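Throughout, a chain's letter reflects where its sequence line sits, starting with A, and its residues are numbered from 1. Only a predicted model underlies this, so the values are computations on that prediction, with no experimental measurement involved. Quick note: numbers below take in every heavy atom, side chains included, and nothing from hydrogens, waters or symmetry partners.
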Amino acid sequence: MNNNNSLMADLLLPDIDKLPQFYEELYPARNLPEGARVTRIAPSPTGYLHLGTLFAALVNRITATSTGGIFYTRIEDTDKKREIEGGIEDIIDGLNRFGISIDEGFVSGTEESGKYGPYQQSRRAEIYQTYVKELIRQGLAYPCFCTAEELEQVRNEQEAQKLRTGYYGKWAKHRDISYTEAKAFIDEGKPFVIRLKSPGSEENKIVFEDAVKGKIEMPENDEDFVLLKSDGIPTYHFAHAIDDHLMHTTHVLRGDEWISSVPKHIQLFKILGFKPPKYGHISPIMKLDNGAKRKISKRKDPEAAVHFFAEQGYDSECVINYLMTVAASDFEDWRRANPDASYKEFKFNLKKMSVSGALFDENKLTDVSKNMVSKLKSDEVYAKLTDWAKEFDKEFYDILIKNPDYTKAVLAIDRDVPKPRKDIARWNEAKDYFAYLFDELYIPCYELPENIQKADAISFLEEYKNVYSPDDDRQAWFDRIKEIAPKIGFAAETKQYKASPEEFKGHAGDLSTVLRIAVTGRRNTPDLCSIMQVLGKDECINRINAAIKSI
RNA sequence: GGCCCGGUGGUCAAGAGGCCUAAGACACCGCCCUUUCACGGCGGUAACACGAGUUCGAAUCUCGUCCGGGUCACCA
């Protein structure tokens with residue numbers, strides 16, 4: 001019998017001459033301190049980097065960081081049919097852009113580092129086959145020659161009988177195939193896959209402790225699932241077992257769509273004589289769609305692709321901080337206590353992760369962003385804004401860099417002060433927000449509030465343009481307005497006006513609104529005094545004159 | 001349908017049998033401050049899916065119902 005298994009092994013994988021032992025020695029245990037966690041992200045290059053992948057990467061990254069461990073990347077490109085051009089690059093570069101540092105594996109789209117490689121499954125075929133061959137020798141794996149049609153038939157049959165579908169038990173047609181039969185098929189040139197001869201039974205339960213979901217109980221795997229596809233490339237399940245063992249992953253933190261495969265994985269580790277990693281299954285980020293909660297989808301939702309955030313001009317750090325609030329329920333409290341610390345210093349605990357999927361909350365993202373952007377100095381804003389504009393809004397970019405000092409002065413308004421404004425959340429809001437400060441973008445608009453008469457506005461502006469001085473500080477600036485107010489029937493003090501509104505046409509605050517409209521074309525802007533200083537006296541007077549004519 | 005997982009305000013959530021008359025954040029609303037907008041301060045609306053059980057006592061434990069999600073490939 002043993003002899004037959006060896007024969008079978010050589011028949012199926014004639015070119016494999018190494019033993020698993022070889023690889024066990026090639027990839028020795030990592031020399032890491034006690035408690036250090038080795039995590040990874042194993043994306044398959046079938047599309048662009050999307051939110052879920054970024055989120056999983058973050059969780060893995062921070063888990064490794066907070067334990068002094070290693071975070072590496074591995075490319076799962078075992079499905080060549082679905083692969084897209086530039087996929088690896090997009091994902092890895094995307095991770096880098098979001099500040100997710102990579103210790104090992106693919107550190108850029110083309111560059112690999114680390115002693116446990118290759119970090120790309122398509123280049124590990126021989127390794128997988130070596131282990132499969134050993135399994136065949138031990139009678140734990142066998143070839144299956146079923147065609148897609150045959151499999152389909154079995155499934156239909158099972159469905160008709162209301163049975164569980166799958167290749168198991170009596171439905172596992174080739175489970176006990178003999179060497180001679182296999183040989184005959186191969187001589188005919190029939191393609192085959194290698195299946196696991198599962199020793200499990202539906203009756204038995206397996207229990208495992210999930211690092212985020214807690215205790216989970218499931219029926220043991222009894223399916224003879226595919227280990228090696230007919231092209232000799234492994235399925236995810238098998239590659240996962242081999243790679244994470246050989247690369248010494250301690251924690252497999254992945255999307256919770258994998259939870260139902262855990263029995264397969266644990267069984268595989270056991271059969272192969274490997275120590276299984278600790279599993280943690282992350283709940284997906286959801287979205288509300290017509291009142292129904294569903295997993296955010298790459299195809300339907302623009303915000304699923306991380307490019308979306310870049311285009312909108314969300315700062316990568318803001319997105320990461322938002323994601324941290326989703327990942328850890330205690331992150332926001334920590335953030336309040338440590339307003340200036342990097343999220344990397346946060347003590348992350350997998351147990352604090354939500355067990356059910358969180359809805360993507362744009363309000364929250366906006367809030368996180370506004371808070372972070374408001375803390376930036378004008379130089380940093382200048383750098384980030386121009387970076388963004390260069391890529392996504394060329395027209396705006398040209399305007400911004402035409403006169404950098406002027407642009408920086410614009411950005412400094414109400415920013416480089418003790419209590420900065422929380423104004424913009426993403427860079428694509430900036431163009432409109434600052435429009436009136438750039439000639440090319442400024443569109444005058446003289447719509448006065450209802451309580452202000454045109455004649456009053458004009459006489460105020462006529463008076464004002466003679467006394468304006470760019471040297472005034474905020475107080476002096478407003479004092480000028482207050483001086484004019486009584487002359488045209490307005491109260492100098494707001495309190496005065498409120499005490500007896502019938503005596504006045506309005507108050508100094510109303511007049512400042514008139515000025516604001518004349519100079520900026522808007523009712524709402526940051527500090528007008530600063531704006532006028534940045535604009536310069538000539539420009540202000542010009543705009544006031546233009547307003548006088550057009551109001 | 002089978003197997004898993006989950007259900008606390010609009011959203012994210014705290015909550016481990018009495019500390020719950022259920023925290024906090026975002027959003028929303030109101031007031032105060034204020035030259036506008038913001039910032040800030042104060043306040044407000046709003047939740048334990050449902051039904052049984054266990055218990056002196058249940059958001060918390062058990063069971064059932066309902067609802068939501070995931071998964072059942074030679075895809076990952």
When the aromatic ring centroids of Y322(A) and F360(A) are compared, is their separation below 6.0 Å?
yes

Any residue meeting side chain to side chain contact (heavy atoms under 4.5 Å, CB included) with N451(A), in chain and number order, not counting sequence neighbours:
P449(A), D510(A)

Of residues 78-91 of chain A, the positions that come close to RNA chain B - non-hydrogen atoms, cut-off under 4.0 Å:
T78(A), D79(A), R82(A)

The Watson-Crick or G-U wobble partner of U71(B), with both key distances under 3.5 Å, is G2(B)

How many Å lie between CZ on F225(A) and C1' on C75(B), as a whole number?
15 Å

Whole angstrom value for the distance that separates C1' of U71(B) from NE2 of H237(A):
10 Å

Sequence neighbours excluded, the answer for side chain to side chain contact (heavy atoms under 4.5 Å, CB included) partners of Y48(A) is I84(A), D90(A), H307(A)

Between A16(B) and C72(B) - C1' atom distance, rounded Å:
34 Å

Would you indicate what S230(A) reaches in the nucleic acid, counting non-hydrogen atoms under 4.0 angstrom: base, sugar-phosphate, or nothing?
base

Take atom CG of D333(A) and atom C1' of C26(B), then tell me their distance rounded to the nearest Å.
13 Å

Base-pairing mate for U35(B) - Watson-Crick or G-U, with both contacts under 3.5 Å:
none

Counting any heavy atom closer than 4.0 Å, what does R336(A) reach on the DNA or RNA strands: base, sugar-phosphate only, or nothing?
sugar-phosphate

Starting from the 5' end of RNA chain B, give me the residue, P284(A) or F145(A), whose nearest nucleotide shows up first.
P284(A)

On a heavy-atom basis, the closest approach of Y436(A) and P526(A) is OH-CD, 3.2 Å

Letter by letter from the 5' end, nucleotides 33-45 of chain B scores (B base, S sugar-phosphate only, - none; protein heavy atoms under 4.0 Å) --BBBSSS-----

The nucleotide from C3(B), A73(B), C74(B) with an atom nearest the side chain of R155(A) is A73(B)

Under 4.0 Å between a side-chain N/O of R195(A) and OP1 or OP2 of C74(B), yes or no?
yes

For V226(A), answer base if it contacts any base atom (sugar-phosphate contacts may also be present), sugar-phosphate if it contacts only those atoms, and nothing otherwise; contact means non-hydrogen atoms under 4.0 Å.
sugar-phosphate

When the P atoms of G15(B) and G53(B) are compared, how many Å lie between them, rounded to an integer?
30 Å

For F504(A) and F490(A), I'd like to know if the aromatic rings sit close, meaning centre-to-centre distance below 6.0 Å.
no

Summary of protein contacts for nucleotides 5-15 of chain B, nucleotide by nucleotide, where a base hit scores B, a sugar-phosphate-only hit scores S (4.0 Å, heavy atoms):
SS----BSSSS

For G53(B), the nucleotide meeting Watson-Crick or G-U wobble distances (both under 3.5 Å) is C61(B)

Provide the full list of salt bridge (charged side-chain N to carboxylate O under 4.0 Å, His left out) pairs with a residue in residues 512-522 of chain A, sequence neighbours left out, each pair given once.
D432(A)-R522(A)

Can L323(A) and L51(A) be said to form a side chain to side chain contact (heavy atoms under 4.5 Å, CB included), step by step?
CA-CA 9 Å; L323(A) 255 19; L51(A) 240 206; 4.1 Å; yes

